[in-house]
Amino acid sequence: MARAAKKQTAKSAVKNKPKIVAVSDLTPSAQTNASLVARRDAAVPRGVASAAPIYAKYAENAELWDVEGNRYIDFAGGIGVLNTGHRHPNVVAAAKAQEDHYTHTSFQVVPYEPYVALAEKLNELAPGSHPKKTLLVTTGAEAVENAVKIARAATGRPGIIAFTGSYHGRTLLTLGMTGKVSPYKKDVGPFPADVFRAPFPSVRDGITVEDALIGLKNLFLTDAQPSRVAAIILEPVLGEGGYIPVPFEMMQALREICDEHGILLIADEVQAGFGRTGTWFAIEHSGVVPDLITVAKSMAGGYPLAGVIGRADIMDALEPGGLGGTYGGNPVACAAAMAAIQAIDEEGLLERSTKMGEHFRARFAEIGARSAPHRMWDIRGLGAMIAVEFVTDFESAKPDAALAKSICAHALKRGLILLGCGMHGNALRIMVPLTASEELIEEGLVIFEDALSAAVAEQMAA
Ligand code: PMP
């Protein structure tokens, strides 16, 4: 694995970009975006929606080129996977070096060191001084499913409590836990039993932390016998639900409630982890130590890898053979993850995330006031996990999903990839690589403002 000899600042890392591909690779190919859209429509089910009707040809750090040779600034980062950017040179080198040795043996048949090394690293990074163990799997949903299995086996209890607006995956168990109907849960129930829902605090809906905790306690009285609940699971910052941080006092209260009833606390860090919020794990901001943590996305810099990190005694609850999967902890992905984690550390990306978040907040406030008065209702998040929410007007604060969608379309036309989020689909989230240069971010923000003005003007004219 390639190792940088000395600590790099984010700035120097950006300068030390990998050698760009041959110009011929960036020239338009015979394929067009439109022809690929047509082929895709005929060959791929419509349920797999794509936010942008463009087809990728090449990507580097925070930029992407499509098959027609158009360049885009990538503020979506493959849905929060690319905190270290597209094709970070050390991540790619580590994966290639691993490919020269072996690409798959199945850890359950012939194990390998990269899995063990990554587990050791994750145990070291995760909050809490207790002994920890890590299971590696392939997707975020699989990590969540396994966290539930482990919690049930460790406690001997079936119940799981999740929150309104949460997102935990698209498999049937995780869909049962996900707290949003359309488009995820629509038409595919019934969902597994013993999954209960508690209210998430919401400024929009006037639900305070106190209200949310009353809701949870009422759930214990009405549906979920606390001594039959294995775990409470939540995202320290709601991801798909709109980049809303869990208030720290809520997280601390949940820890106390869990301890009182022998319930395990699971932090789903699939989207919020690996530096996005300025710390390795978003829950660290609250000072709360969870029993289990699910991880994926930016952990492996673009390779499919996920995991469950947890207290060693809990993680050992299942008998040998009770955990695993053919591809879980793929060695190429493990090598990539070690390099991505090292890049976050050596390039000072945690610090950079905090600064980047402050910058986005300040610029969004300016842009909102200038180009969309009374429409940008909220700017929120933690570190560089930032979202802006749009409404029809400040007085009614009615969610304006159409405006958010239109901003994305105008931005794409101007060369900026943006992605929405939120219970009402009226928020836009920032997942730009933490390695992006200040100049590139500014270029993206200028496009954002332009797209916002165009979308607002179009709406007024309609
Ligand atoms: N949990 C959270 C918090 C997520 O954001 C996601 C994906 N957006 C998942 C779980 C599911 O991950 P995957 O798509 O890799 O299954």
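Remember, it's 1-based here, ligands and their atoms both numbered in the order they're listed.
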Among T174, D268, L234, closest by any non-hydrogen atom to atom 1 (N) of ligand 1: D268

Given V137, V270, V81, I79, which one has a non-hydrogen atom that is nearest to atom 9 (C) of ligand 1? V270

Find out whether the Lys NZ or Arg CZ of K297 is both under 6.0 angstrom from the six-membered ring centre of F274 and within 45° of the ring's axis. no

Heavy-atom contacts with [X] under 4.0 Å: which atoms of ligand 1 show up? List them by number with element.
{"X": "A141", "result": "11 (C), 12 (O), 13 (P), 16 (O)"}
{"X": "Q271", "result": "5 (O), 8 (N)"}
{"X": "Y167", "result": "1 (N), 2 (C), 3 (C), 4 (C), 6 (C), 7 (C), 8 (N), 9 (C), 11 (C)"}
{"X": "T139", "result": "15 (O), 16 (O)"}
{"X": "G140", "result": "11 (C), 12 (O), 13 (P), 15 (O), 16 (O)"}
{"X": "E235", "result": "3 (C)"}

Has ligand 1 got any nitrogen or oxygen that is less than 3.5 angstrom from a nitrogen or oxygen of V144? no

Is there any N or O on G169 that sits under 3.5 Å from an N or O of ligand 1? no

Between R71 and E63, is there a salt bridge with N-O shorter than 4.0 Å? yes

Quickly, which of R375, R204, K398 forms a salt bridge (Lys or Arg N to Asp or Glu O under 4.0 Å) with E389? Name it, please. R204

Does R39, at its CZ atom, have more than 12 non-hydrogen atoms belonging to other residues, nucleotides or ligands within less than 6.0 Å? no

Has H104 got more than 12 heavy atoms of other residues, nucleotides or ligands less than 6.0 Å from its NE2? yes

Derivation and outcome, side chain to side chain contact (heavy atoms under 4.5 Å, CB included), residues H168 and I233: CA-CA 9 Å; H168 297 294; I233 182 167; 3.8 Å; yes

Proximity of [X] to ligand 1 by residue part, where a heavy atom lies under 4.0 Å:
{"X": "H168", "answer": "backbone"}
{"X": "E142", "answer": "neither"}
{"X": "R170", "answer": "neither"}

To the closest 0.5 Å, what do you measure between CE (M177) and CD1 (I160)? 6.0 Å

Quickly, which of Q271, E235, R380, R276 forms a side chain to side chain donor-acceptor pair (under 3.5 Å) with Y243? Name it, please. Q271

Just to confirm, does any protein heavy atom lie below 4.0 Å from atom 14 (O) of ligand 1? no

Over 60° means perpendicular and under 30° means parallel, so classify the ring planes of F107 and Y115, tilted if in between. parallel

